[in-house]
Amino acid sequence: MKFFLDTADIAEIRDLAATGLVDGVTTNPSLVAKSGRNFIEVVREICGVVSGPVSAETTATDHPTMLAEGRKLAKIAKNIAVKVPLTPDGLKTCKMLHAEGAMVNVTLCFSAAQAILAAKAGATFVSPFVGRLDDIGESGMALIRDIVEIYRQYQGFKTEVLVASIRHPMHVVEAAKLGAQIGTMPPTVMRQLFLHPLTDKGLAAFLADWKKTGQSILGDAKAAAAE
Ligand code: E4P
């Protein structure tokens, strides 16, 4: 499963990318507003930090303007994925950008029917929002299950399922169990994935016992290097 960071916070992206476990980044207009940065500038900077896909979202709602925006965004860097909304104009734009060789992320997907349309439009990624569905009493994971199952029926569907609106580690685990290719998550959620109290407890006990031995793994190497 690939991990994308869902943020426009460059410091967070740099920090977590240093783990080698970040495969891409997604942004949206709300995240760009939160960063307080210029949209094009911050996206260009993110593309320099992460080699995988970086989603940059169009803001027009009509096809001609959305297409012009998408073409401009696609020129920022080779790893840009143009994000378009799951609307008729968005899918028309997706189809054209796909034909031009751009990566396209179709966002704001809330139903399996919409996901089928995205795949037919040649989307590189479809972004079903699991957290927002859970918020209104529906099951975000049921939607992921449906989309994964449907896409598996058709070899011609090349679209990857990019699970979005992830709120907690169990969203990541459940999406992985279902075979979703990607999860995009806030930095806080990615940091939570590393944690377990028994890891901390076990490590503390190992280190306390190791100290009693008085040994050092690098002790001899350090001495040899100093000679
Ligand atoms: C990602 O592409 C989406 O924009 C994002 O995951 C939405 O998350 P939210 O529902 O927490 O705003």
Side-chain angles (χ1 to χ4, degrees), residues 1-10 12-13 16-17 22-37 39 42-43 46-47 49-50 52-61 66 69-70 73-74 76 79-87 90-91 93-94 97 102-111 114-115 117-119 121 123-144 147-148 159-176 178 180-193:
M1 187 186 201
K2 285 176 270 185
F3 283 179
F4 288 4
L5 282 178
D6 194 27
T7 183
D9 184 329
I10 194 81
E12 287 278 39
I13 294 167
L16 282 163
V22 174
D23 303 298
V25 170
T26 51
T27 66
N28 63 38
S30 305
L31 293 170
V32 171
K34 197 174 160 193
S35 78
R37 299 268 316 268
F39 175 40
V42 76
V43 166
I46 295 169
C47 288
V49 174
V50 176
V54 174
S55 291
E57 190 158 343
T58 54
T59 53
T61 53
M66 203 188 297
E69 287 182 352
L73 294 173
I76 293 175
N79 52 334
I80 283 284
V82 178
K83 223 175 177 190
V84 298
L86 211 154
T87 60
L91 293 181
T93 304
C94 172
L97 288 172
M103 286 191 283
V104 186
N105 176 357
V106 175
T107 191
L108 292 166
C109 173
F110 292 96
S111 77
Q114 290 179 320
L117 291 174
T124 316
F125 311 108
V126 66
S127 291
F129 280 31
V130 293
R132 294 192 193 186
L133 278 171
D134 291 354
D135 288 347
I136 61 162
E138 293 187 24
S139 169
M141 278 308 141
L143 174 60
I144 301 303
I147 298 173
V148 169
T159 306
E160 292 193 310
V161 181
L162 197 174
V163 181
S165 190
I166 282 177
R167 300 277 165 77
H168 49 71
M170 286 316 292
H171 272 152
V172 180
V173 173
E174 290 301 324
L178 293 171
Q181 288 90 351
I182 310 158
T184 189
M185 63 203 83
T188 46
V189 174
M190 184 162 176
R191 290 184 201 287
Q192 282 179 289
L193 296 178

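Counting convention: from 1, in listed order, for ligands and their atoms alike. Numbering starts at 1 and runs along the sequence shown.
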Asn28 side chain near Thr107 side chain, heavy-atom distance below 4.5 Å
no
Where do Leu31 and Ala8 come nearest, in terms of heavy atoms and distance?
O-CB, 3.7 Å
Around atom 4 (O) of ligand 1, find the nearest protein heavy atom and jot down its residue, atom name and distance.
Asn28 ND2, 2.7 Å
Among Gly131, Gly140, Ser165, closest by any non-hydrogen atom to atom 8 (O) of ligand 1
Ser165
Where the side chain of Asn79 meets the backbone of Gly52, is there a donor-acceptor pair that is under 3.5 Å apart?
yes
To the nearest 0.5 Å, atom CD1 of Ile80 lies from atom CD1 of Ile46 at 8.5 Å
Would you mind telling me which of Val43, Thr58, Val54, Leu97 makes a side-chain contact (heavy atoms from CB on, under 4.5 Å) with Leu73?
Thr58
Are any of the heavy atoms in Arg167 under 4.0 Å away from ligand 1?
yes
Heavy atom of the protein closest to atom 7 (C) of ligand 1 (residue, atom name, distance):
Phe129 CE2, 3.7 Å
To which protein heavy atom is atom 5 (C) of ligand 1 closest, and what is the distance rounded to 0.1 Å?
Asp6 OD2, 2.9 Å
Atom 12 (O) of ligand 1: closest protein heavy atom, distance to 0.1 Å, is Arg132 NH2, 2.8 Å
Distance filter under 4.0 Å to Ala164 heavy atoms, resulting ligand 1 atoms
1 (C), 6 (O)
Does ligand 1 have an atom that lies less than 4.0 angstrom from a heavy atom of Lys83?
yes
Applying salt bridge (Lys or Arg N to Asp or Glu O under 4.0 Å) between Arg167 and each of Asp135, Asp134, Asp6, report the one that passes.
Asp135
